[in-house]
Amino acid sequence: VEVPVGRWADAISVRRSRRAFDGVSVAGDLLDALDEVCRSFRPFPEVRTVLLSDAPADIFTGLVAGLVGSYGRVTGAPSALLFIGVPGPKTPERIGYTGEGAVLEATALGAGTCWVGGAFDRRRAAGLADLAEDERVFAVSPVGTPLAPPAATERLLFGAGKEKRRRPLDIIAPGREDWPRWAIAGVEAARVAPSALNRQPWRFSLVGGDVLLKHAGPDTPGSSKRLDCGIAMLHFEIAAHAAGSEGAWGPGVDGTLARWAEPG
Ligand SMILES: Cc1cc2nc3c(=O)[nH]c(=O)nc-3n(C[C@H](O)[C@H](O)[C@H](O)COP(=O)(O)O)c2cc1C
């Protein structure tokens with residue numbers, strides 16, 4: 001399975017979650033291109049991404065118990081991605097990794113997206129995807145043309161604020177000043193990955209030339225930190241390869257989630 005490194009590296013730097021769309025169907029050639037990537041970018045057999053060209057508005061329920069405000073309220077999205085997997089020990093991170101491929105491709109094609117892990121109708125989504133008996137919808141995302149927000153809102157929510165809405169690199173990768181250039185590029189790309197509630201649970205360390213990834217604190221079933229970490233793994237991989245690494249993710253050691261090792 002090929003990761004289009006340059007194309008998705010550019011998408012990493014411009015992606016941001018979008019929740020208000022114009023309600024207009026996305027161009028057919030964009031949908032075809034995105035659908036093709038959903039079908040071909042399938043690194044793990046138990047996980048897949050399905051593009052719904054016509055997404056019923058009532059998939060996005062906009063209610064996360066215990067949260068106030070507009071979190072999770074998605075409006076006017078003509079299409080959607082469904083992130084589907086067979087539950088298993090590695091499924092959450094594999095959903096994150098695989099689904100983010102589709103999100104970055106949608107971004108590269110000029111569409112807006114937003115991972116939605118809580119505020120969607122699971123039964124409705126499952127009914128639209130022709131699920132196998134053991135499959136489950138872990139998360140969804142709208143796909144469409146975002147409403148151009150008023151300039152002031154844009155500045156407030158994004159713009160210069162984006163940097164501040166991320167944890168310092170010293171927290172997610174302590175000691176990185178001494179790391180190889182590709183590893184620094186990797187954690188910088190992981191840092192801007194989307195995560196549920198923007199909690200950024202990923203923590204990186206360099207041990208014996210390998211990069212180890214774990215999540216901060218215990219996992220939270222229902223909205224898995226491992227899924228967030230899977231998203232960050234794809235971001236790391238893209239930037240590390242763009243910076244000359246030839247490594248790959250493998251199983252974690254010493255209780256970590258995953259280990260990045262250079263060949264040989
Ligand atoms: C697994 C996952 C679940 C998410 N669930 C929701 C959600 O239910 N509602 C919502 O509005 N945003 C959701 N988000 C989007 C995050 O709030 C967003 O990624 C984070 O605040 C960082 O902002 P950014 O994506 O613009 O960089 C989710 C993101 C991830 C990765």
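The structure displayed is predicted, hence computed values, not measured ones. All residue numbers in this chain count up from 1 along the given sequence.
- Residue Asp254 places its CG atom among 12 or fewer non-hydrogen atoms of other residues, nucleotides or ligands, all under 6.0 Å distant.
- Looking at Asp22 and Pro146, their side chains never come closer than 4.5 Å, going by heavy atoms from C-beta outward.
- Counting non-hydrogen atoms of neighbouring residues, nucleotides and ligands closer than 6.0 angstrom, the CD atom of Glu246 reaches no more than 12 such neighbours.
- For the pair Arg15 and Glu100, the minimum side-chain heavy-atom distance is below 4.5 Å.
- The minimum heavy-atom distance linking Gly76 with Pro78 is given by the pair O-CD, 3.3 Å.
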Could you walk me through whether Leu104 and Ile238 pass the side chain to side chain contact (heavy atoms under 4.5 Å, CB included) check?
CA-CA 11 Å; Leu104 293 177; Ile238 289 164; 3.7 Å; yes
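- Between the side chain of Arg122 and the backbone N or O of Val137, at least one donor-acceptor pair lies under 3.5 Å.
- Nearest heavy atom pair, residue Ala106 against residue Thr113, reads CB-CG2, 3.7 Å.
- Counting only heavy atoms from C-beta outward, the side chains of His235 and Pro194 approach each other to under 4.5 Å.
- Arg181 CZ: 12 or fewer foreign heavy atoms inside a 6.0 Å radius.
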Apply side chain to side chain contact (heavy atoms under 4.5 Å, CB included) to residues Ile84 and Val50 and explain how you reach the verdict.
CA-CA 8 Å; Ile84 296 166; Val50 168; 3.7 Å; yes
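- Atom OG of Ser141 sits about 6.5 Å away from atom CZ of Phe60, to the nearest 0.5 Å.
- The number of heavy-atom neighbours closer than 6.0 Å to CG of Asp58, taken from other residues, nucleotides and ligands shown, is above 12.
- Rounding to the nearest 0.5 Å gives a distance of 8.0 Å between OG1 of Thr145 and CG of Leu30.
- The backbone N or O of Leu147 lies less than 3.5 Å from a partner atom in the side chain of Arg18, making a donor-acceptor pair.
- Scanning for side-chain contact (heavy atoms from CB on, under 4.5 Å) contacts around Arg7 gives Pro4, Glu105, Ala108, Leu109, with sequence neighbours left out.
- Annotation for Leu82 and Ala125: closest pair CD1-O, 3.7 Å, computed over non-hydrogen atoms.
- Across every non-hydrogen atom of Ser245 and Gly247, the tightest pair is OG-N, 3.0 Å.
- Aromatic ring centres of Trp249 and His241 lie farther apart than the 6.0 Å criterion allows.
- Scored by the side-chain contact (heavy atoms from CB on, under 4.5 Å) test, Arg199 finds Ser195, Ala196, Pro201, Thr220, Ser223, Lys225, Asp228 as partners (sequence neighbours excluded).
- Looking at heavy atoms from C-beta onward, Leu213 lies in side-chain contact with Cys229 at the 4.5 angstrom threshold.
- Aromatic pair Trp8/Phe41: ring centres closer than 6.0 Å.
- Each of Leu52, Leu34, Val143 was scored for a side-chain contact (heavy atoms from CB on, under 4.5 Å) with Ser79, with one residue passing: Val143.
- Under the 3.5 Å distance criterion, the side-chain polar atoms of Ser40 are matched with a main-chain donor or acceptor of Glu36.
- Remark: side-chain polar atoms of Thr98 are not paired, donor with acceptor, to backbone N or O of Arg42 under 3.5 angstrom.
- Checked for salt-bridge contact, Glu46 and Lys90 miss the test: no charged N lies under 4.0 Å from a carboxylate O.
- A single hydrophobic cluster is not seen to contain both Val86 and Leu131; linkage of ILVMFWY side chains at heavy-atom distances under 4.5 Å, directly or through other members, places them apart.
- Counted by atom type alone, Trp260 and Glu237 present zero donor-acceptor pairs between their side chains at under 3.5 Å.
- Among all heavy-atom pairs drawn from Cys114 and Pro142, the shortest one is O-CD, 3.1 Å.
- Linking Ile, Leu, Val, Met, Phe, Trp and Tyr whenever their side-chain heavy atoms come within less than 4.5 Å leaves Leu212 and Trp182 in two separate clusters.
- When the ring pair (Phe, Tyr, Trp, His ring centres under 6.0 Å) test is applied to His215, no partner is found at least two apart in sequence or on another chain.
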Begin from the C-alpha positions of Thr107 and Val14 and carry the test side chain to side chain contact (heavy atoms under 4.5 Å, CB included) through to its verdict.
CA-CA 8 Å; Thr107 306; Val14 300; 3.7 Å; yes
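- By the 4.5 Å heavy-atom criterion applied to side chains, Trp115 and Ser17 are not counted as neighbours.
- For the pair Phe236 and Trp202, the minimum side-chain heavy-atom distance is 4.5 Å or more.
- Atom CZ of residue Arg48 and atom SG of residue Cys38 lie 11.0 Å apart, to the nearest 0.5 angstrom.
- Note that Arg136 lies in the cation-pi zone of Phe138, set by a 6.0 Å cut-off to the ring centre and a 45° limit from the axis.
- For the pair Ala185 and Ala239, the tightest heavy-atom approach, listed with the atom from each and the gap, is O-CB, 3.3 Å.
- Side-chain contact between Phe83 and Val116 is absent, with no heavy atoms from C-beta onward closer than 4.5 Å.
- Between Ser53 atom OG and Leu51 atom CG the span is 4.5 Å, to the nearest 0.5 Å.
- Centroid-to-centroid, the aromatic rings of Trp179 and Phe204 stay 6.0 Å apart or farther.
- The structure places CE of Met233 at 9.5 Å from CZ of Arg226, a figure rounded to the nearest 0.5 Å.
- For the residue pair Asp121 and Thr61, no side-chain donor N or O sits within less than 3.5 Å of a side-chain acceptor on the partner.
- Glu135 places a side-chain N or O within 3.5 Å of a backbone atom of Ala132 that can act as its donor or acceptor partner.
- Under the 4.5 Å side-chain contact rule for hydrophobic residues, Leu169 and Leu206 share a cluster.
- Checking side-chain atoms of Arg166 against main-chain N and O of Val192 turns up a donor-acceptor pair under 3.5 Å.
- Residues Leu128 and Ile59 meet the side-chain proximity criterion, which asks for heavy atoms closer than 4.5 Å.
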